[in-house]
Protein chains: 2
Amino acid sequence: MTVPAQQRWLDGIAAARHELDRSSTAARVADLLRDEITTGRLCPGDRLPEEDLCRAIKVSRNTMREAFRLLVQERLLVHEFNRGVFVRRLTGDDLADLYRVRRILECEGVRGAREATPEALARVEAAVADGERAAERESWPDVGTADIRFHQALSALCGSPRIDEMTRHILAELRLVFHEMGSPREFHEPYLARNRRMADLLRAGETEAAERELRSYLDDAEAQLTRAYRDAE
Amino acid sequence: MTVPAQQRWLDGIAAARHELDRSSTAARVADLLRDEITTGRLCPGDRLPEEDLCRAIKVSRNTMREAFRLLVQERLLVHEFNRGVFVRRLTGDDLADLYRVRRILECEGVRGAREATPEALARVEAAVADGERAAERESWPDVGTADIRFHQALSALCGSPRIDEMTRHILAELRLVFHEMGSPREFHEPYLARNRRMADLLRAGETEAAERELRSYLDDAEAQLTRAYRDAE
DNA sequence: ATTGAAGGATTGTTGAACAATCCTTACCCT
DNA sequence: AGGGTAAGGATTGTTCAACAATCCTTCAAT
């Protein structure tokens, strides 16, 4: 009887320890740069000169380049041979593809919601509640991140780690577009009520209605972004 | 009238040139290692010591590490901090997740086959034909790669570059498992006829039947691999 | 048998150096 | 004046050598 209990305890320790000190400096530099990008201090198209950044952050060129590689993999940066790295600038085709993938992954999650774990469903609910609280205190950037977490939670209903990772990347790319258009309030606020409705439908087990609602949400958001995107040129 | 023609021509040149000389040595080293892995000369769990490889391939440690990064991102290698890189060893959970994702992506492609481009449908047909030709001359590794290309083509019916890339990674991971079980002939041969049936159903526009066939294929393949996998321990 | 402490081996990170490529500027020619 | 060209500087690509940090093995001690 003591054996399985101890086993579970050790498993918990093992999982926690992994996050503890296993992190290279390149990964930490990447975290730093990722934050600069997702918060919009670095804009699409900006160039990241190696030497300047090395001097600023005080790491060697090699580690900086390793950090670049990590972010290139996440598609936040692009690397042009012999020219340097730049913050990614999304094209109209990219935008269309991002929503194409969102439709596939998030709708798949909603369709399978009845087989999803209670924890996964709870995270959907939690994200909606976070968004509503953030809206009450009028902190619109938080509304935006809650919105993103909501949709992350939807595709997480698939129960697949690889799908989770892909969605994380897709939504990180989308943040590049969000910053390209001003006034996060106007953009995110109208979607609060729709997220709430989707969550309620999911809890009631009405997955077909939830999927219809989700598709309409995605259509509207894509159209709005596409319009704003074309106007920016 | 000359302008658009010239424009298209220049676009063709530009696209080709991109693939031509824009390839870092790290990418070439990664190609080399990837080949070693997918052909099975490097087995899951094997360790790749930096210095030995640097001496063998005659590149510096930095470029070797850059090549490692690329393959880690493709999930063919795992990098354990301060311990080195190893050929990935898939767990049973990984196997289940790979088929979970395949079900989502390939079925989505099949469901949308009627809206797919003729080129995408042609690639499905071509992959089946390749497999049949390879079977006739009894070259079973080629049958295996044709099988993989067939399923790649199915998810490519989505028409999404990002889905394409994800499928490429998923199927590359699966090759790690294929090598863990012997006799590629026994494994791949029975699926030739089923691929042919799926392609025929797709051409006839019977997407529902094709999806049923695909799901049954995936169920059988996963069960077979899972069994072989459990026996290997 | 388990623990603890050297010791060697491997990886993590740095800095400097040189080659290759790109970009700018200034020049020359028509 | 305008366009092509060559030189120069700036940036990136790649390598090398060194040291620090960490891991793994061995061996001794309790």
Side-chain angles (χ1 to χ4, degrees), chain A residues 2-3 6-7 10 13-34 42 45-73 76-89, chain B residues 6 10 13-33 36 42-43 45-73 76-89:
Chain A
T2 67
V3 177
Q6 186 188 20
Q7 188 55 42
L10 285 175
I13 289 285
R17 190 255 160 78
H18 198 275
E19 316 280 322
L20 192 55
D21 79 308
R22 292 304 139 126
S23 121
S24 67
T25 59
R28 284 192 298 267
V29 173
D31 290 344
L32 197 150
L33 292 177
R34 189 185 303 108
L42 278 170
D46 283 356
R47 176 146 170 274
L48 308 189
E50 290 185 1
E51 299 223 44
D52 299 354
L53 280 170
C54 289
R55 234 177 304 115
I57 312 187
K58 298 212 204 312
V59 296
S60 81
R61 268 182 73 207
N62 286 322
T63 38
M64 181 58 71
R65 288 165 68 86
E66 191 151 339
F68 283 165
R69 270 172 247 141
L70 292 172
L71 294 171
V72 166
Q73 294 166 193
L76 293 182
L77 301 180
V78 291
H79 182 160
E80 300 187 18
F81 200 82
N82 274 324
R83 291 202 52 225
V85 299
F86 304 80
V87 179
R88 179 123 192 224
R89 171 173 281 160
Chain B
Q6 185 187 22
L10 285 174
I13 289 285
R17 189 255 160 75
H18 198 277
E19 316 281 325
L20 190 56
D21 78 311
R22 292 301 140 130
S23 120
S24 66
T25 58
R28 284 192 299 268
V29 173
D31 290 344
L32 197 150
L33 292 177
E36 294 289 304
L42 278 170
C43 297
D46 283 356
R47 176 144 170 272
L48 308 190
E50 290 185 0
E51 298 220 47
D52 299 355
L53 281 171
C54 289
R55 234 177 304 118
I57 312 187
K58 298 212 202 312
V59 296
S60 81
R61 273 180 69 204
N62 288 324
T63 21
M64 183 56 72
R65 289 163 68 86
E66 180 156 348
F68 284 165
R69 283 279 175 212
L70 294 172
L71 295 173
V72 165
Q73 199 260 339
L76 292 183
L77 301 180
V78 292
H79 181 156
E80 301 186 19
F81 196 81
N82 273 325
R83 292 202 52 226
V85 299
F86 304 80
V87 179
R88 180 126 192 223
R89 169 174 281 159

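Each chain gets a letter, A, B and so on, in the order the sequences are listed, and its residues count up from 1.
- Residue B:R47 places its side chain closer to C:dT10 than to any other of C:dG12, D:dG13, C:dT10.
- In this structure, A:T25 reaches the C:dT13 phosphate: one of its side-chain N or O atoms is under 4.0 Å from OP1 or OP2.
- Looking at residues 58-65 of chain B, you'll see B:V59, B:S60, B:R61, B:N62, B:T63 sit with a heavy atom under 4.0 Å from some atom of DNA chain D.
- Here the side chains of B:V78 and B:R88 are in contact, with some heavy-atom distance below 4.5 Å.
- Taking atom CD on B:E50 and atom C1' on D:dT15, their separation rounds to 14 Å, with Å as the unit.
- Contact annotation: B:H79 does not reach the phosphate of C:dT11 (side-chain N/O to OP1 or OP2, under 4.0 Å).
- Here D:dT11 presents its C1' atom at 13 Å from CG of A:L53, a figure rounded to the nearest Å.
- As rounded to whole Å, 14 Å separates atom P of D:dT14 from atom CD1 of B:I57.
- For the pair A:V29/A:T63, no side-chain contact is recorded, criterion being any heavy-atom separation below 4.5 Å from C-beta on.
- The side-chain heavy atoms of A:R69 and A:H79, taken from C-beta on, include no pair separated by under 4.5 Å.
- Following rounding to the nearest Å, B:E80 (CD) and C:dT10 (P) show an atom-to-atom distance of 16 Å.
- For the pair B:L33/B:L76, no side-chain contact is recorded, criterion being any heavy-atom separation below 4.5 Å from C-beta on.
- For the pair B:E80/B:F86, a side-chain contact is recorded, criterion being any heavy-atom separation below 4.5 Å from C-beta on.
- Remark: B:R83 is in phosphate contact with D:dC24, judged by side-chain N or O atoms under 4.0 Å from OP1 or OP2.
- Neither OP1 nor OP2 of C:dG15 sits under 4.0 Å from any side-chain N or O of A:R55.
- Between A:R34 and A:D31 a salt bridge is recorded (basic side-chain N to carboxylate O distance below 4.0 Å).
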